[in-house]
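Structure, as structure tokens:
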Amino acid sequence: MHSTCVVGLQWGDEAKGKIVDILGANHDIVVRYNGGNNAGHTIVHGDKTFKVSILPTGILKPHLQAVIGNGVVIYPPQLLKEIEQLKESGISVTNRLLISDHAHVIFPYHIIEDKLTETEKSGAIGTTGRGIGPCYQDKAGRVHGIRVGELLYPQHLKARLAKIIAYKNAIFQTFTPEGATPQQLHLEAVYDEYRKYGEAIKPYVTDSVQYLHQSLQDKKRLLFEAAQGSLLDLDHGTFPYVTSSSSLPSGIWPGTGVPAKMLGKIIGVLKAYTTRVGNGPFPTELDDGPTGIGERIRQKGREFGTVTGRPRRCGWFDAVACRYTAAIAGADELAVMLLDVLSGLEEIKICVGYELDGAVRRSFISDAHILENCKPKYEVMEGWKEEITHVKKLNDLPAQAQRYIQRISELVGLPVKTISVGPDRDQTIIID
Ligand code: GDP
Ligand code: IMO
Ligand code: MG
């Protein structure tokens, strides 16, 4: 079995894109199975920087076929924009990109619904505002979900949109806050726009399940790239502050039709610290002001969202959370990213337990309303002064950095096989 999954073990942005980019060299097909353009990956090749959110990161490697599986939700204008941007950078997707006819489509009403829900200040999830949740809601609700394949049948599409838009407009009338004007969509305009998207993406649309099964028979090596992180997984993350899809490897089976038993290796990607965008509990958050360590990490790690530009919340590494996600993900090994960001700190803390109701817990609690009362119990480690962005071998890292990596490995219970010390693919330490 030569297939690999790259999965984030925190709240997203673990630098999965960099690992996918590196692993692409040893695979034939890269597959996205969850999420949509809420994801945002930045990949650095020397002086060139690429950003993708709906296209699989692996599309940057010209020898790879790229598949957007049925578990993904697609906002066509963003997809077409990214295809265009890649072309301008000299990367063609022609004959390389396949889109599942069963992936669901994000419409303008999903984006309006996302924003309407998020205006309820007390309950806001802090979503990316891309209509992801409402689109998955319509998929699970069945009545209003539209799949990519349906864009290719104009009459059928129009008939479906007529009913859906009437329903959504009624909702907007009812739930728009007082004083604001309810948005109203026009069937002809939406239909016309999406019919054209259908024509534009038609060359890429296919039965991806059949394609992937044939590829497995042909002994092709598949690389599955998860979007988001395991703590944002709909079932196992910090509900309700999660995304609306399965970001764990468990999403691969429903999201592509490829059975889990076909996976050879699962690589859990984590930052040497923790970040989170959006709302929800974050026990190790460093909310210590403009001169604090949280802000220092944010500036040094350039921790601002790829999709929304929001400042990411920053904090210490949480070994309790990562042991939990590594177990559910079935991770075989770890990639520890952005280690360079911690250089120059006198001491570094690792969360090894939670204090709750006067007792110390060593296991994670994913219920947001309980997790928010957990206080982290820290182990303190000595930091290192040297910059490490040039280091190529484990033994050349400062002894304190080596001990820190060793401790992460012990606490999470998995070997660390990759260490990243800078955004470029060359700034990577591979441990045999
Ligand atoms: P993803 O969503 O998991 O693919 O991660 P993002 O691309 O959203 O965020 C990771 C960011 O960290 C990107 O801007 C990367 O270029 C950058 N990055 C990756 N590895 C390293 C590293 O080892 N050190 C530093 N300083 N930056 C890194
Ligand atoms: P990548 O793939 C970090 C977060 C949002 C919000 C929650 C729900 O780059 O790691 P949604 O728009 O999905 O309904 O928002 O999930 N979120 C991410 N955070 N990285 C991501 O993707 C994310 N995708 C969604 O900030 O808290
Ligand atoms: Mg990201």
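All values below come from the heavy atoms of this structure, side chains included, with hydrogens, waters and symmetry mates left out. Note that the structure is predicted; figures quoted are calculated from it, not measured. One-based numbering, in listed order, for ligands and for the atoms of each.
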- Query: Applying a strict 4.0 Å limit to heavy atoms, is Arg312 in contact with ligand 1?
  - Reply: yes
- Message: Does the residue Gly12 have a heavy-atom contact with ligand 1, meaning some pair of atoms that are separated by less than 4.0 Å?
- Response: no
For [X], atoms of ligand 1 separated by under 4.0 Å from a heavy atom:
X      : result
Lys18  : 20 (N)
Ser420 : 20 (N), 21 (C), 22 (C), 23 (O)
Gly17  : 4 (O)

[X] and ligand 1 - part of the residue with a heavy-atom distance under 4.0 Å:
X      : answer
Val421 : backbone
Asp13  : both
His41  : both

Classify the ring geometry between [X] and [Y] as parallel (under 30°), tilted (30 to 60°) or perpendicular (over 60°).
X      : Y      : value
Tyr167 : His144 : tilted
Tyr33  : Phe224 : perpendicular
Tyr197 : Tyr194 : perpendicular

- Test side-chain hydrogen bond (donor to acceptor under 3.5 Å, both in side chains) on Thr94 and Ser92 and set out the steps. CA-CA 6 Å; Thr94 311; Ser92 165; 3.3 Å; yes
- Start with the C-alpha gap between Lys139 and Ser244, add the side-chain angles, then the distance that decides, and say whether side-chain hydrogen bond (donor to acceptor under 3.5 Å, both in side chains) holds. CA-CA 11 Å; Lys139 173 180 175 175; Ser244 299; over 6 Å; no
Report yes if [X] has an N/O atom closer than 3.5 Å to an N/O atom of ligand 1; otherwise report no.
X      : answer
Lys300 : no
Gly40  : yes
Gly301 : no
Val44  : no
Met337 : no

- Which residue, His110, Glu113, Gln183, Gln184, forms the side chain to side chain donor-acceptor pair (under 3.5 Å) with Lys168? Glu113
- Task: List in chain and number order the residues that pass side-chain hydrogen bond (donor to acceptor under 3.5 Å, both in side chains) with Asn37, two or more places apart in sequence or in another chain; answer none if no residue qualifies.
- Result: none
Salt bridge check, [Y] against [X]: does any charged N sit closer than 4.0 Å to a carboxylate O?
X      : Y      : result
Glu118 : Lys115 : no
Glu410 : Arg407 : yes
Lys265 : Glu333 : yes

- For the student: nearest non-hydrogen atoms of Ala319 and Leu411, plus distance: CB-CB, 3.7 Å
- Could you give the distance from CG (Leu157) to CG (Leu151), rounded to the nearest 0.5 Å? 6.0 Å
- From Ile348 CD1 over to Tyr378 OH, what is the distance, rounded to the nearest 0.5 angstrom? 13.0 Å
- Scan residues 393-404 for pairs that pass side chain to side chain donor-acceptor pair (under 3.5 Å), counting only residues two or more places apart or in two chains. Glu382-Gln400
- Task: Determine, stepwise, if the pair Thr57 / Phe50 fulfils side chain to side chain contact (heavy atoms under 4.5 Å, CB included).
- Result: CA-CA 9 Å; Thr57 308; Phe50 299 91; over 6 Å; no
- Which heavy atom of the protein is the closest neighbour of atom 15 (C) of ligand 1, given with residue, atom name and distance? Thr42 O, 3.7 Å
- Query: Nearest heavy atom to atom 12 (O) of ligand 1: which of Asp21, Leu338, Ile388, Thr306 does it belong to?
  - Reply: Leu338
- Side chain Lys163, main chain Val143, donor-acceptor under 3.5 Å: no
- Using a strict cut-off of under 4.0 Å between a residue heavy atom and any atom of ligand 2, list the qualifying protein residues by chain and number. Trp11, Gly12, Asp13, Lys16, Asn38, Ala39, Gly40, His41, Ile125, Gly126, Thr127, Thr128, Ala227, Gln228, Leu232, Val242, Thr243, Val277, Gly278, Arg310
- Identify which protein N/O/S atoms are less than 2.8 Å from the Mg ion (ligand 3). Asp13 OD1, Gly40 O
